[in-house]
Colleague: 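Below you'll find the structure I mean.
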Amino acid sequence: MTHLGKCPKCEKSITNVRVEDVQGKFGSSGTVLNCLSYCCPYCNSILGVTIDPLAFKTDIINGVKKALGR
């Protein structure tokens, strides 16, 4: 497999990333979301951030259970 991606800061080829749990705040409401940041393993620059899909799924399931009175 050829890896062509490079870190925009240190310009080293990226073959893996370091994943960290971070919190994000949604707009002016201040709602806290569980997120994941993807970092360069060489220089620790943040390459991207996204909502944590597993935590998001759990929040949805718990909300549905609460709405159903379970």
Side-chain angles (χ1 to χ4, degrees):
M1 178 190 291
T2 303
H3 298 282
L4 301 175
K6 290 186 178 183
C7 173
K9 182 176 180 185
C10 70
E11 297 188 358
K12 290 187 180 181
S13 292
I14 300 292
T15 57
N16 61 71
V17 295
R18 196 180 76 250
V19 180
E20 297 179 345
D21 292 318
V22 294
Q23 288 187 338
K25 291 189 180 178
F26 186 75
S28 61
S29 70
T31 301
V32 176
L33 301 171
N34 293 311
C35 298
L36 299 172
S37 68
Y38 303 99
C39 302
C40 173
Y42 306 107
C43 71
N44 299 318
S45 291
I46 295 175
L47 303 172
V49 177
T50 187
I51 294 172
D52 181 342
L54 296 177
F56 193 58
K57 179 182 80 166
T58 301
D59 291 345
I60 291 171
I61 290 170
N62 290 339
V64 169
K65 285 181 179 178
K66 184 177 179 180
L68 294 174
R70 296 182 179 179

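As a basis for the values below, the full set of heavy atoms in this structure was taken, side chains included, without hydrogen atoms, waters or symmetry mates.
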Colleague: Can you list the residues that meet the side chain to side chain contact (heavy atoms under 4.5 Å, CB included) rule with P8, with sequence neighbours excluded?
Modeller: L47
Colleague: Would you please name every residue forming a side chain to side chain donor-acceptor pair (under 3.5 Å) with T31, sequence neighbours left out?
Modeller: S29
Colleague: Please report the shortest heavy-atom distance between K25 and G30, naming the atom on each side.
Modeller: CG-O, 4.4 Å
Colleague: Which heavy atom in S45 sits nearest to a heavy atom in C7, and how many Å separate them?
Modeller: CB-SG, 4.4 Å
Colleague: With the 4.5 Å side-chain cut-off for hydrophobic clustering, are I14 and V19 part of the same group?
Modeller: yes
Colleague: Roughly how far, to the nearest 0.5 Å, is CD of E11 from SG of C40?
Modeller: 11.0 Å
Colleague: Got E20 and C39 here, is their nearest side-chain heavy-atom distance under 4.5 Å?
Modeller: yes
Colleague: In the hydrophobic cluster built from side-chain contacts under 4.5 Å, what are the other members alongside L54?
Modeller: none
Colleague: What residues form a side chain to side chain donor-acceptor pair (under 3.5 Å) with N44, not counting sequence neighbours?
Modeller: R18
Colleague: In the hydrophobic clustering that connects Ile, Leu, Val, Met, Phe, Trp and Tyr at side-chain heavy-atom distances below 4.5 Å, which members other than I46 occupy its cluster, ordered by chain and number?
Modeller: V22, V49
Colleague: Is there a path of hydrophobic side-chain contacts, each under 4.5 Å between heavy atoms, that joins I60 and F26?
Modeller: yes
Colleague: Is there any side chain to side chain donor-acceptor pair (under 3.5 Å) pair reaching into residues 46-69, and which pairs are they, with sequence neighbours excluded?
Modeller: none
Colleague: With heavy-atom distances below 4.5 Å as the criterion, would you say the side chains of L36 and P53 are in contact?
Modeller: yes
Colleague: Show every side chain to side chain donor-acceptor pair (under 3.5 Å) that has at least one partner inside residues 32-42, sequence neighbours left out.
Modeller: none
